[in-house]
Amino acid sequence: MSGISFFDGRNGSTNLMNEFRHCLWLWHLQIEDTSCPLCGVCEESIEYLFLSCDVALHFWHSSPWGIYPVCDTGIRAWDWVKFIWDLKYKGASVDDIFLYASIIVDTIWRVRNDKVHNNCLVDFNKYFDNICTSYADMYDSLLSSPTPVLKEAWSPPPLDWIKLNCDVKVGLESMCIVVVVRNHLGRVIRVQAAREDFSDALCGEAAACCLAVSVALDIGSKYVIVENDSRVVIDAINGKGSRWAIENYISFCTKSSLSFSSCCFSYVSRTCNFAAHNVARWAFTHHVFGSLPVSSIPETLFCNDREV
C-alpha cells in the first residue's frame, strides 16, 4: 500500500482519515490475533496501532513541529486529524503537517506488516531516515509552487564571515547534533558534534542552533551566519513565531547573538544543508562526539548537493 497516494494538500484532513480507514479495512481482512503485533500490550485497534502504541508514538515524536497525540485522553483517529487541521488557525502550514502525518501513517502500517508477515524487528533508525527522506523528496512535487524556480545551492559566506550549518540525527532515545563551520572560501574549518539524551526532533534542531552559536563564540568570529533547515526554529529565533518547548534554546541564541558584531539566523532547505545532515548521520552511527578533526571525517560527507 502506498499511503502517500491518498494525500492531497487541498483536502488533507479527509484524505488522512481515508488513510486510517483504508489501513483498517485491509487489516480486518487478515487479522487473527487481536493483540497489537508491535508491542503486544493492548488489543489492536485503529487508535491504538496508529496513535497509542509506543512504536507509533516514537514516529510521531519525530515530527519537526513538535506535535504528537496525547493518548491518555481516549483520543480517536478523527480527533487527531481534526487537531492537525485546526492548527491552521494558529498559523501552521497544515499541508506540510498532513504530508508528514500521511508518511508516518504509511510507515506504521509498513512496520506492522513487516512484523506480522516477515517477523522483522523494528529498526527505528532506518524508518526515521525513510520518513525524513520521503518528506524531503515529496515536498517539492506535492506542495511547492508550480512556477519554475532555480534549485537552491549552498554558498560560502562573505570575506571575514563564517557560516555554520547545523542539523540533527534523531535516534530512538538519543540524537546527535552537528555543526559544520566553513569560511569565505567554502573550506571546512571546524566540525562539532554532541550527543543529546532525548529524541524530540524540534528540540534537537533548536539545540543544534545553540551549539552553532557556542562554536562561533569559541572561534571568536565577529561575523556569523547560522543556517538550519527547520523553519519553525529559525522563525522563532527571528521573532516570527513562538514554541514553548524550545523557549530556553531560543533565549540562548538571541541573547548570545549580541556578543557578535553581526549574527544572522537563516532557514535553508535540505539541499543547502547536506554537509551538516551527512555528518550528523555519520557521527551518530560511529558514536563520535566533541570537536572532530576535519581530516578524520570522510571528505565525501561535505558535499553540498546530495545525501551520503
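Here the structure is a predicted model, which means the values were calculated and not measured.
Between the OG atom in Ser93 and the CG atom in Leu87 there is a gap of 10.5 Å [rounded to 0.5 Å]. How far CG of Asp106 is from CD1 of Ile104: 11.0 Å, rounded to the nearest 0.5 Å. For the atom pair CG of Leu211 and SG of Cys253, the computed distance is 10.0 Å after rounding to the nearest 0.5 Å. In this structure, CD1 in Ile108 is found 11.5 Å from NE2 in His58, a value given to the nearest 0.5 Å. One finds the CZ atom of Arg195 at 9.5 Å from the SG atom of Cys176 (value rounded to the nearest 0.5 Å). In this structure, the separation between CG on Asn183 and CD1 on Ile189 is 5.5 Å, given to the nearest 0.5 Å.
Grouping the Ile, Leu, Val, Met, Phe, Trp and Tyr side chains by contacts below 4.5 angstrom, directly or via other members, places Tyr68 with Ile84. No single ILVMFWY cluster, assembled from side-chain heavy atoms under 4.5 Å apart, contains both Leu38 and Val41. Both Val168 and Val215 sit in one connected hydrophobic cluster of ILVMFWY residues. Membership requires side-chain heavy atoms under 4.5 Å apart, directly or through other members. Both Trp80 and Phe50 belong to a common hydrophobic cluster when Ile, Leu, Val, Met, Phe, Trp and Tyr are linked at side-chain heavy-atom distances under 4.5 angstrom. In the hydrophobic cluster analysis, where Ile, Leu, Val, Met, Phe, Trp and Tyr join through side-chain heavy atoms closer than 4.5 angstrom, Val268 is grouped apart from Ile234.
Counting non-hydrogen atoms of neighbouring residues, nucleotides and ligands closer than 6.0 angstrom, the CG atom of Leu121 reaches no more than 12 such neighbours. Heavy atoms from other residues, nucleotides or ligands lying under 6.0 Å from CG of Asp79 number more than 12. The local environment of OH in Tyr223 is sparse, with at most 12 non-hydrogen atoms from other residues, nucleotides or ligands closer than 6.0 Å. Other residues, nucleotides and ligands contribute at most 12 non-hydrogen atoms within 6.0 Å of the NZ atom of Lys240.
Under the 3.5 Å distance criterion, the side-chain polar atoms of Lys163 are matched with a main-chain donor or acceptor of Ser155. Panel note: side chain Ser63, backbone Trp60; no donor-acceptor pair is recorded below 3.5 Å. Side chain of Thr254 to main chain of Ser251: a donor-acceptor pair is present (N/O by atom type, distance under 3.5 Å, no hydrogens or angles). No donor-acceptor distance shorter than 3.5 angstrom exists from the side chain of His117 to the backbone of Asn113, with no hydrogens or angles considered. Formation of a donor-acceptor pair under 3.5 Å by the Asn273 side chain with backbone atoms of Cys166 is found in this model. Side-chain N or O atoms of Glu47 include none that pairs as donor or acceptor with a backbone N or O of Arg76 at under 3.5 Å. Within the 3.5 Å criterion, the main-chain N or O of Phe284 finds no donor-acceptor partner in the side chain of Lys169.
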Run Asn165 and Phe274 through side-chain contact (heavy atoms from CB on, under 4.5 Å) and show every step you take. CA-CA 9 Å; Asn165 285 80; Phe274 275 125; over 6 Å; no
Checking side-chain contact (heavy atoms from CB on, under 4.5 Å) for the pair Phe252/Cys209: CA distance, chi angles, key distance, verdict? CA-CA 9 Å; Phe252 174 83; Cys209 288; over 6 Å; no
Step-by-step side-chain contact (heavy atoms from CB on, under 4.5 Å) determination, Phe302 to Val180: CA-CA 9 Å; Phe302 295 122; Val180 175; 4.3 Å; yes
Verdict with supporting geometry, His184 and Trp161, side-chain contact (heavy atoms from CB on, under 4.5 Å): CA-CA 6 Å; His184 68 283; Trp161 288 65; over 6 Å; no
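Annotation for Leu217 and Ser259: closest pair CD2-CB, 3.7 Å, computed over non-hydrogen atoms. Smallest separation of non-hydrogen atoms from Leu57 and Ser52: CD1-O, 3.7 Å. Taking all atoms of both residues into account, the shortest heavy-atom contact from Gly186 to Trp154 is CA-CH2, 4.0 Å. Closest non-hydrogen pair, Leu301 versus Ile297, comes out as CD1-CG2, 3.7 Å. Here the closest heavy-atom approach between residue Arg231 and residue Tyr267 is recorded as NH2-CE2, 3.0 Å. Across Cys39 and Cys42, no two heavy atoms sit closer than the pair SG-N, 4.5 Å.
With a 4.5 Å cut-off on side-chain heavy atoms, Ser257 and Val213 do not count as touching. Residues Tyr249 and Ile237 fail the side-chain proximity criterion, which asks for heavy atoms closer than 4.5 Å. The shortest side-chain heavy-atom distance between Asn130 and Tyr127 falls under the 4.5 Å cut-off. At a threshold of 4.5 Å between non-hydrogen side-chain atoms, the residues Arg182 and Pro156 do not count as touching. Asp160 is not listed as a side-chain neighbour of Lys222, based on a closest heavy-atom distance of 4.5 Å or more. Looking at Val178 and Asp167, their side chains never come closer than 4.5 Å, going by heavy atoms from C-beta outward.
Under a 4.0 Å N-O distance rule, the pair Asp114/Arg110 does not qualify as a salt bridge. By the 4.0 Å N-to-carboxylate-O rule, Asp218 lies close enough to Arg190 to be salt-bridged with it.
The aromatic rings of Tyr100 and Tyr135 sit perpendicular, their planes meeting at an angle over 60°, well past the 30° parallel limit. Ring geometry for Trp282 against His286 counts as tilted: the plane angle lies between 30° and 60°, on a 0 to 90° scale.
Ring-centre distance between Phe128 and Phe59: below the 6.0 Å cut-off.
Counted by atom type alone, Asn228 and Glu205 present one or more donor-acceptor pairs between their side chains at under 3.5 Å.
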